[in-house]
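Naming convention: chains lettered A, B, ... in sequence-line order (proteins, then strands); numbering from 1 in each chain.
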Amino acid sequence: MKKPREKLGERLGTRKLGTKVANKSIDGICSSDIIKHKEEEDRNISTNIRGSQLTAKTTEKNKEKEDEKMKKRLQWEEQQERWNQALNLNKDKKEPCQVSSGNDDGWSAPWGGWGGTLLSAASTFTREVGRGVGTVMETVESSIGVPSPEVMAEEVCKSEHQKTVSEENTTSQGLEEGKQIKREKQTDSEEGSVGGDRPGNQVEANYSLGGFSLGSLVSGVSGALETASSKVLMGGLDTLEVIGRKAMDVIQEGDPGLHKKRAFLSNKKPNLTQMLQEARQRAMQEEKDGIVGGGNKNLQKPSFEQAWEATEGPVHLEALSLVAKQCQSKKTSMIATLPHFVQEKLLRENTVIKTTCELDELEQLEEDMAEVVSGVVAKMGLQLHPKKLIEAWSLVQEKAAFVQEVGLEETDEAEGVLYSALAQLVAQLCALTHKGGELALITPDTDPLDLASHFKELAQVVSCGLEKVADQVCGAITSEGSVTDSQVSNTITNIYLQAANGNNYIQESLALLASVLQYSNTKSAASHL
Amino acid sequence: MVEPIFDYQFRLILIGDSTVGKSSLLKYFTDGKFFEISDPTVGVDFFARLIEVSDGTRIKLQLWDTAGQERFRSITRTYYRNSVGALVVFDVCNKKSLEHVPMWIMEAKRHIEPHKAVFILVGTKIDMEDEREVRREDAAALAKFYNISYIETSSMRGVNVEEAFRTITQEVYDKIQSGEFRVEEGWDGIKTGFSRPNHSYPLMEAEPEKSGFCC
């Protein structure tokens with residue numbers, strides 16, 4: 001019982017650990033990166049999301065620059081524009097300064113909205129996100145192969161600075177030419193329809209250029225990858241950090257589910273084993289008390305099982321099963337040595353034996369059971385004595401009559417007597433089946449198929465006998481009390497159920513006998529070759 | 001109705017030549033009666049009795065009375081395995097039956113393996129003193145050779161019948177106490193008894209498996 005708790009604990013532990021790791025990496029990258037960005041030029045991804053303070057800076061700087069420059073350098077802003085269009089926050093395209101400041105509202109609103117939704121979302125989800133980001137960080141870092149995110153960010157920022165400078169030069173040259181301006185304007189107007197392809201290409205080219213010019217460890221491709229991923233991460237991580245922290249607070253403050261889970265994990269409730277052990281001890285104690293105190297009749301309802309255990313029926317079934325098991329293995333090895341055509345014949349016959357040894361739907365027992373039993377046993381040609389079985393049947397009838405007389409009063413005692421007699425009857429049938437199986441093995445010139453049908457007939461008769469007795473007793477009880485009375489209907493149901501239990505043992509004995517007869521059949525087929 | 005309380009159940013088996021009186025011995029032990037006429041046993045018959053060992057522990061003996069006839073030999077061998085004790089029975093008026101004792105012991109040991117069992121040599125029909133063929137000393141010497149107990153009985157007069165079963169039961173019980181024998185899964189020689197076969201808590205029996213799965 002300790003194991004699941006430990007495992008759950010471990011899971012919780014790893015989950016917490018995951019969150020910590022995620023937070024760490026977020027801190028590591030974000031703080032350094034963002035500080036650099038503050039110092040360096042604008043990176044609108046972060047500034048936009050970061051809030052008004054940084055945005056103000058950006059806006060100031062943006063104002064100092066020309067519109068065309070802005071667009072060339074900051075592809076991200078263009079993308080924002082398109083997103084703004086999608087968000088129905090259309091601003092004048094020709095006033096990028098306003099666009100950028102307008103973006104703040106546009107961005108903060110959806111982010112806030114997302115944040116709210118996420119915060120209100122399930123705590124597990126948040127944790128999963130935290131862990132996911134942690135994994136992303138690790139993956140990105142390792143795939144890039146940089147020593148540390150701080151160094152990486154520094155390099156990128158430097159390259160950006162250089163690039164910005166070079167671009168400024170180009171654009172200032174270009175400003176002198178009207179064509180250049182035209183082209184820029186064209187680009188501007190086209191951008192809405194062109195989509196993300198062109199800006200993406202530009203970014204890649206620029207960054208790879210920066211990478212080469214630096215001559216740093218980073219190759220062009222990995223630089224581009226880093227930038228792309230950092231773009232995603234920068235935007236996402238800050239928010240996720242906030243969300244994650246907030247979510248953890250919320251969880252720690254009062255997640256009813258968590259409380260329940262904790263309560264469950266550190267449960268003081270009794271488990272199944274304990275309950276069962278207690279029940280067992282209680283039962284044993286009660287039993288002892290019952291015996292000492294002269295027997296408590298109401299302690300346990302009489303059952304067929306209980307009566308059955310007191311007979312020699314279980315041992316006969318056990319012994320028969322031992323024989324059957326041995327026969328089964330002997331049969332298998334013997335068949336393997338026989339020619340193919342004999343194998344086929346045996347398979348057919350043994351299947352017949354098996355299906356014969358299955359109880360059919362119950363018929364009404366019309367004839368006298370003693371006569372039927374004697375007749376069937378005589379037909380078998382084995383040294384079997386059906387005396388005990390016949391005696392058991394007369395005992396059953398006797399007890400059934402007694403129960404009918406007693407009726408509803410003292411039903412428990414009457415039922416006990418009845419089940420005891422029925423168990424005796426079934427036990428005697430099992431004994432007969434067991435001995436019949438043994439004799440079939442050692443008696444030459446017996447036909448296993450015939451024997452199977454004879455034993456089936458015998459079992460069928462006894463099974464019908466059980467049914468008949470149950471009918472009789474229940475009929476008497478019904479005539480005495482009303483059927484609607486729950487006690488009466490319960491008693492009747494129980495009697496039928498208990499009698500049906502007897503059928504299970506009859507069926508079991510027949511199935512075991514089938515194995516024995518199959519071996520007997522195989523053996524005789526082998527000896528006649 | 002109520003199954004008698006017992007602490008242990010021992011399964012004992014009776015082996016020996018046919019007509020030496022195995023069934024009569026058992027019938028006297030369980031019913032206290034002797035029947036002049038007895039049909040030869042078919043396969044195996046079962047008897048049960050409760051007995052108390054010296055410290056008051058209650059033992060339920062489940063007794064398997066095997067057929068002595070040669071033709072049942074292949075079947076009765078099947079029944080040896082789950083026995084913790086074997087009473088090797090011979091007729092003091094039948095020298096051949098004593099001569100077959102080594103064969104019975106050997107066969108029983110072979111089929112009870114890998115488990116161990118307690119053996120006891122039981123001579124029967126000592127009431128028929130005139131027809132006696134086996135001297136007490138000879139039988140005792142054979143028992144000594146196997147390092148087992150020897151006891152002479154008469155089921156007709158009820159001499160030493162109880163004693164024979166008590167002796168083997170005590171010996172098995174002593175071996176349990178010393179740790180040589182113990183209850184084993186999948187072996188029915190020794191079973192621990194409950195105060196009764198309890199069916200009101202059917203889950204109880206499935207408990208070990210259950211706890212295994214839920215972990």
#### Entry: Contact class of B:D188 relative to chain A, heavy atoms under 4.5 angstrom
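B:D188 touches chain A through side-chain heavy atoms alone.
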#### Entry: Region of B:R73 in contact with chain A, defined by heavy-atom distances below 4.5 Å
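B:R73 has no heavy atom closer than 4.5 Å to chain A.
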Hey, is [atom1] on [X] packed in by over 12 heavy atoms from elsewhere, all under 6.0 Å?
X	atom1	value
B:R110	CZ	yes
B:D55	CG	yes
A:Q383	CD	no
A:K523	NZ	yes

### Task
For side-chain contact (heavy atoms from CB on, under 4.5 Å), just list the numbers for B:V44 and A:H434, CA-CA rounded to whole Å, side-chain angles, deciding distance to a tenth of an Å, and then say yes or no.
CA-CA 9 Å; B:V44 63; A:H434 173 209; 3.4 Å; yes
### Query
Does a side-chain N-to-carboxylate-O contact under 4.0 Å join A:E438 and B:R71?
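Result for this pair is no, no salt bridge flagged.
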### Task
Look up atom OH in B:Y79 and atom CG in A:L322, then write down how far apart they are to the nearest 0.5 Å.
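Rounded to the nearest 0.5 Å, the OH-CG separation comes to 7.0 Å.
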### Query
Is it the side chain or the backbone of A:L441 that comes within 4.5 Å of chain B heavy atoms, both, or neither?
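Contact with chain B involves the side chain of A:L441 alone.
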### Query
For chain B, which of A:H316, A:E312, A:K325, A:H385 has the most heavy-atom pairs under 4.5 Å?
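Going by pairs under 4.5 Å, I would pick A:H316.
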